[in-house]
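Let me begin by presenting the structure, written as C-alpha cells, before commenting on it.
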Amino acid sequence: MRSKVESALPYGLLAPTLLVVVLLIVVPIFQAFLLAFQGSDGGFTLAQFQKMVHDTAFLDALKFTFLLLIFIVPLQIILALAMALLIHKRFRGHSIFLYIYAIPLAISDLAAGIAWLSIFTERGYLNSILHSLGIIDKPFLFLSYQNLPAVFGTIVIAESWRATAIVMVILLAGLEVIPRDYFEAADVFGATALKRTLFVVLPLLRPSLQNALIIRTIFAFQTFSVVLALAGRVIPVLTGEAYYWYAANRNPNVAAAYAVLVMVFTIFITIMYFRLLKTTDAEAGYD
Amino acid sequence: MAGIKFDSVRRVFGKTVASNDVSLEIKDGEFMVLLGPSGCGKTTLLRCLAGLERVDGGRIYIGDRDVTDLAPRDRKLAMVFQSYAVFPHLTVFDNIAFGLKMQGRPKDEIKRRVQEGAELLQLQDYLARYPAQLSGGQRQRVAVARGIVMQAQVLLMDEPLSNLDALLRLQMRAELKRLHAEIKATTIYVTHDQVEALSLGDRIAVMKSGRIVQCDVPMNIYDDPASVFVGGFIGTPPMNFLKGVVSAEGAPQVVVGESRIAPTPAQTPALAARRGQPILLGIRPENLAFASSAQRNTLRGHVVVVEPLGSHKLLTMQVSGETIKVSVPPDQSVASGNDVWLHFDADKIRWMDAGSGDTIH
Amino acid sequence: MKTRRLSMALLAFAMIASLVLSACQAPAPTPAPAAAAKAAEPTNAPQPTVAPASASSSQSLIFLASQLGPVEEQEKMRNVILKDFTGAEVDFIADANENVILDRILAESKTGKVNGSVVGALHGAFPNLIAANALEDLTPLLEKLKDRPIVKEFLTLGKMGTDKQYYIPWMQATYIMVVNKKALQYLPQGANVDALTYQQLGEWGKNIATATGEKKLGFPAGPTGLMHRLTQGYLYPSYTGGLVTTYRSDDAVKMWTDFKAIWQYANPQSTTYNNMQDPLLSGDVWVALDHTARVVNAFKNQPDDFIAVPAPAGPKGRYYMSVIAGLGIMKGAPNKAGAEALIDYLTQPAQQAATVREVNFYPILDSGLPTDLPPYVKTESDGVLKQARSADAHVALLPVGLGKKGGDFNKIMQDTFTRIVLKDEDIKKVLDDQATQLNALLTELKTPCWSPDPVSTGACQAK
Amino acid sequence: MESSLAISRGAKRAPIAWRHVRDQVGLYGAAILLALWTLAPIYLIALSAFSTKAGVSAWPKSLLPTNFSTDTMQFFINSKGVLQSVGNSVVVALLTIAASLLLGAPGGYALARFRFKGKQTIQLSFLISKMFPTAILSVPLAVTFLQLGLYDTVWGVALIHTAMALPFVILLTAGIFVGVPRDLEEAAQTLGCTRMQAFVRVVLPLALPALAAAAIFTFVISWNEVFAATIITLQHRTLPAQVLSSLNDSPLYYRFAGGFFMIVPALIFIFLIRKYLLNMWGSVVR
C-alpha cells in the first residue's frame, strides 16, 4: 500500500504543472495546428501551407532564418566561451565581470532592438564615432535594403549581443562542474591554451554545449523584434512572418502555418543536436 | 642532470602561508616523498613545481633551468593527479597518448610508446575502452601510464593511491616502486600516508604548516624524528610521549612519575644542560616490553585495552597519568586491568624539548 | 543562515504583496503634466445639446479608439480635449495597432459583455463592426446635432451605404509632403514646390543626390509604415484615375516605372521607416510623404526647418487620400447617455479646434480651420489646405467594405511594391500576378468598387 | 644531521615574472573589452533617453552626455498608463512567481528525487512546449481567456506567464533540488520526520536562496514577455505591452526613454541573482 503511494508521488507532484502546461500551452498549440490545417469551411486543407509557401517573403524568410542561425549560433558560442573561460579563471574582480556579461540575459528583445537601432541608423552612434575618427565623411548606410549583407551583419551583431549571456551562463555553469584537474592535466601534458580548449574543454563541455545550443536555437527561431527594428521586413524571418500574418494581415490560419513550420524545424534541429553531441554509451560507461 | 631545486619558495593564499620559504634539493633520479597532514602545503609545493600554481617568492629549478616563470607545458614534466584526471571523452589509448600528441610526435612513435607504457602497466587489453568502462584501479594505471610515456625527466605524483581500496593500494605501491626502478625519472610523490612514504621514498620530506620540518632517508625519519610532530606523525601507532623532569642534582636522570630514567652516555651532556627543566620522553610502542619487576629504566603501567592484531597485541595503557600504546608479542598473556612493569632500552629513547618539541641531541 | 532567512522573508513578502496589490486594482491616478494643463485654453463652457442624465455624470465611460495611439496624442486627448467634458468619467483607450481595438470591440460584442460605450475608428473599419452587429443606429442622435455644420459628404459616408447612421464624423487626416528648407535650392528648373509632379519629384531627388551625395527622399516603407496607403490613395489614382479597376493597366505600368525612378533617390533605409518624422528630424531625409500625424513632430521640434506642401500630381491629377474617423456607439453600451453626450461634445467647434491644435487631426465641420493655431500646426495645415485647394486636386478614400480582409488587400499592395521596387521584378508580370490575387479576394468578398474607381454593381475587379 | 634541507629565513622576493604580467594584462584586457561590448549599447540608450529632443536627432552625436535632459524621461514616466503598466507588470510578475513556484517546485523536486516511468518524456515535452512561437500561441489563448472572463485582467496575464515560465521553473528547481544532498533529507527522516516535514525543514531552507534566484529569473521572463500581454490586455497593460503599443508610432526619443526604462530592472535583477546564476543553470547542465 505504502509503495503504491510512493510510486504515485512523483506523478502527483508533477500533476499541477502538467495540468497548467497542457491547458495553457499544449492545447493552444493543438488549436494552432487545427487553425493551420483548417479551411474557411472548417474542413481539413493544406491551403494555408500553400498560401504560406507561395508568399513572396516565404523563401527569403526560410533562407534568412537559417542563415541567421548559422551565423549567430557559432558566434555566440565563441563569444560566450571566451567570457566563460575568462570568468572561470577566477581572477580578482571576476564577479563584477560575470555580472556585466550576464546583464543582457534580462533585457527584452524589444529594448535591445531600440538600443541597437540607435547605434546603426544613418545618423546613429556608430556613424558618429566613425565620423569623429575621420574614417568616414558621410554616414555609412548600415540599414540600407540595397546592402543586405550589411543589414544582415547588424542583425547578427545585435542578436549576438542580446543572447550571448544565456549561453555564457550555461557554459560557465558547465565549466564549474568539470573538475579543474582535467584542465591542469592538459596544461602539464603540454597543451597550449588553444589545444586545451579544443581537445579537452570543448569535449568535456558537451552536455552544456548541447543545452546551450538547444535553448539558443529555440529562442533564435522565435526572435524577430530585433530583426524588425533593424531591417524592417527586408530581411524576413519565419516567426516574424507568422506575427506579420497574424497582426497586420489578420490571417491567423497562415500565421499558424508558419508557427507550425517553426516548431517542426526546431524539433528537427534539436534532434540533430542530440545525435551530433551524444556521448556514446561506451563513453558514459554503459556496456 | 634533472635534479630539482626549490629555493625559498613562497606561496600565500590570503592569510594562509601554504609554502613558507621552502628550500629543498632533489637529486637526479631520486624518489622524493613529500609527507604531511592535509593542509601542510605539500600539494601546493608540488603544484608550484608543475607550474599550476604561481609562486609569490623564490625560484624553482629543474636541472639548471630556472622554470619559475615557465608555463606548465614548457617545464617538460609529467604528473599523476589524485583524481587521476583521466579524460572521460578519450579512450585509454588516446589518454595515454595525450601528452605525446600535444608534443606533435609522429604517429608511429606515439603508437609504439603507448604500447610500451600500456605493457608496463598491463593495460594492453583496455586500450580501446573509455575510462567510464574501467575500474578505479585501472583508471589509476592509465593515469600513471600517461605520465610515464612522456619519458619526462621529472614525474610528479599527487597522492596517486589515495582513492584506491587498501588491497589495491598495497599492490600499486609495489608496482610504483618497480616502475621507478625501471624508468629512473626524478619523482616527487605527495602523500599523507606515512606507510607509503616509508616504503617508496629514497628520501622523505616531512612538512608542517608550509615548512619542511625534516628531510631524510626513511629509516632515519622513523628512528630519529626531528621533533614530536614527526615522531607523532610517523608509525602505526606513532611514537609515545611522556612528560618528565630532568633531575636537579647528581648524574642527570629524568623523573617520569615514580620512575627515574638514566640516559645513555651519549645523551647525558645534553640532559645535563637542562637540569630542573621539563622534558619529553619519546619511545615507539614496539620498543617497550613487559618486565617481571621494577629495574633500571622501567615504568609502571595499567592496561586499559587489549587489541589482539594477529602479528602482535596492541595495548592501550595508562602510565603516570598519560595514555600510551604498547606493542607486545601475540603470545604475551595480558588482560585489561592488569598492572605491569614496562622495560625499554635507553638507546631507543628520544628526548624532546618540552616547549618546542624539537629533538635534543 | 541570514541570507536564507532574508530570502524566505522576501519570498513570503512577494506572495502577500502580489495578492494585496492584485486585490486593489484601482485605476492609477492620472498625473496631469503642468505643461499640458496650461496649454488648455479657457474656452466657452460647452453647452451640451444632449443633456446628460444627472446620474451618469459621475458614471464612467469607456471610449475605445483605433486612432491617437501614440503616447503624446493619448495624453493630449486625456488632459486637454476631454478635460472639460462633464458628462461622464471618460476612460480613453487607444492603441497604435488598430486591430487590438477592433478585436476588443468585436470580442465584447460577441460575448455580450459590453464594457465600451463609444467607438472611434477609421471609416474603413466600420463595415467590420456593422457586420458583427456591434453598433447602434445613431440617426436619433444626428437629429439632435443637426445644427452642426458637419460636411455633408462625411455624413453620407457615415451611413455606410445604408439608411442608418452608423457613425458621426469625428475628425479627418491626410497625407502630405514635408520638405526640409535645405532641399528647396535643388528644385528642378521651373518647378513650383506647391504644385509638383511625380516626375519633378524624381528630378528633385536626383538633384539633391548629385549635389550632396546622399539620397534624401523618404517613404514610410517600414513594417508598420503606411506605404500601401500612398500606393492606394496617391500613386495609383494620380496615374490611372482608379485603383482596383486599373490595377494592371498601361497607366499603372507607367506609374510603377516612374516610381521606380523616384525610388532610386529615396534613402535606402526607407524600408525601416515606420514614420517620417524621425528621419526628417535627424536629417536622413529631406523630402517625405506621410500621414499628417506621423510628421507633425518635425514641425513641432524644428519649426524653422520644414514646410508642408501638397503631394505631387500625376497625369490624372493630384489625388490625395482623406482619412475620416467616425464615432459610433456600441450596442448594449453601459453608458449610452454619456456616449451621446461625448459625441456631442467632441463634434462641437471648440473641441474640433482643440483636436487640430493638439493632435493634428482636422475638423469635419464646414466652418474651416480655427485661426488660433500654434505655429507648427499652422505650418502643417497650410500644406493640407494647399493640397485640398489645388486646382487639380481629387480625393481618394480608404478602401471600403473589405472587412476582415483589409489586411489581405494591403498585403497585395505591399507585395506589389516589394516585388517591383525592391526586388526589381518585371512590372507587367508582377501586376498580372497581383491583379489575379486582387480579383480573387474581391470576388470572395463581393465588394463593389469605391472611389476613385467607378461605381460597380458586382465585385470590383481589375481589368 | 646530513641533509640537503636548508631553510633560508630571509624571503627572497621573486623578480617580476613577465609571463605573469603578460597573462594578467591579457586577461584583464580581454575581460574589459568584452565588458565594453556588453555595456556600450546600454550606455548609448541611456544617453539617448536622457538627451534633449534635439540631441536625439543631432549629427554627429556626442558620446558624452552633453545634451543631458530628463524631459523625455519625465514625460514618458508621467504619461498615463506607464506607471500603471509598471504596477501591472510588477503584480503580474509577482503572481507569476508565486504561482509558478508553488506549482513548479514540487514538480522539480519530483524530477530531482525520483526515478519513474515517463520521466524523460515529461522532461522532453516541457522542452517541446517552448518550441512553438509565443507570439502565435497567444492567439488561441486570447479566445479561451475571453470565454473564461480572464480577458484583460492581470490574473489572466499572470496565468499565461505562469504557463510560459513553468517549463523553465521545473528545470531550474529540479537542478536546485539535485544540489541538496539526499543524505540530509534521509537523515531527517530517520530522525522522525515525515517526508513532508523533511522537505519543509531540511530541503526547503537549504534550497531557498537558489529558489529565490529562480523566482527572480521567473520575474524576468514575465517582465519581458510582450505578445501574450499585448493580445490579452487593453486597459491592464504590462510595461512591455504598453511600450509596444503606444510607443511604436511615437517619436524616437520616447522610444528611447521606454527602452531604457525597460532595461533598468534588468540591471537590478541580474545584480540580485548574480551569485546564483551558476547554481541555477549549473544543474540544468547535468
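The structure presented is a predicted model; accordingly, all values stated were derived computationally and were not measured. Protein chains get the first letters and strands the later ones, always in sequence-line order, with residue 1 at the start of each.
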field: Option that, when pairs with chain A are counted at under 4.5 Å, heavy atom only, ranks first among B:Leu77, B:Leu100, B:Leu52
entry: B:Leu52

query: Looking at B:Ala50, B:Gly99, B:Pro88, which makes the most heavy-atom pairs under 4.5 Å with chain A?
result: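 Ranked by heavy-atom pairs under 4.5 Å with chain A, first place is B:Pro88.
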
message: Heavy-atom cut-off 4.5 Å, strictly under: side chain, backbone, both or neither for A:Phe199 against chain B?
response: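 Contact with chain B: backbone and side chain both.
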
A:Thr217 side, atom OG1; A:Ile72 side, atom CD1 - distance, nearest 0.5 Å: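 Reported to 0.5 Å precision, the distance equals 11.0 Å.
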
message: Salt bridge check, B:Arg178 against B:Glu175: does any charged N sit closer than 4.0 Å to a carboxylate O?
response: yes

query: Between B:Glu25 and B:Arg203, does at least one N-O distance fall below 4.0 Å, as a salt bridge requires?
result: no

Chain A heavy atoms under 4.5 Å from [X]: which part of the residue, side chain, backbone, both or neither?
{"X": "B:Met79", "result": "both"}
{"X": "B:Val80", "result": "neither"}
{"X": "B:Phe81", "result": "side chain"}
{"X": "B:Arg75", "result": "neither"}

- prompt: Does the cation-pi check pass for B:Arg146 over B:Phe87, that is, NZ or CZ under 6.0 Å from the six-membered ring centre and within 45° of its axis?
  reply: yes

query: Do B:Thr91 and B:Asp94 have side-chain N/O donor and acceptor atoms under 3.5 Å apart?
result: yes

- request: Decide whether B:Ser83 and A:Asp181 meet the rule of one side-chain donor and one side-chain acceptor closer than 3.5 Å.
  value: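 Short answer, yes.
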
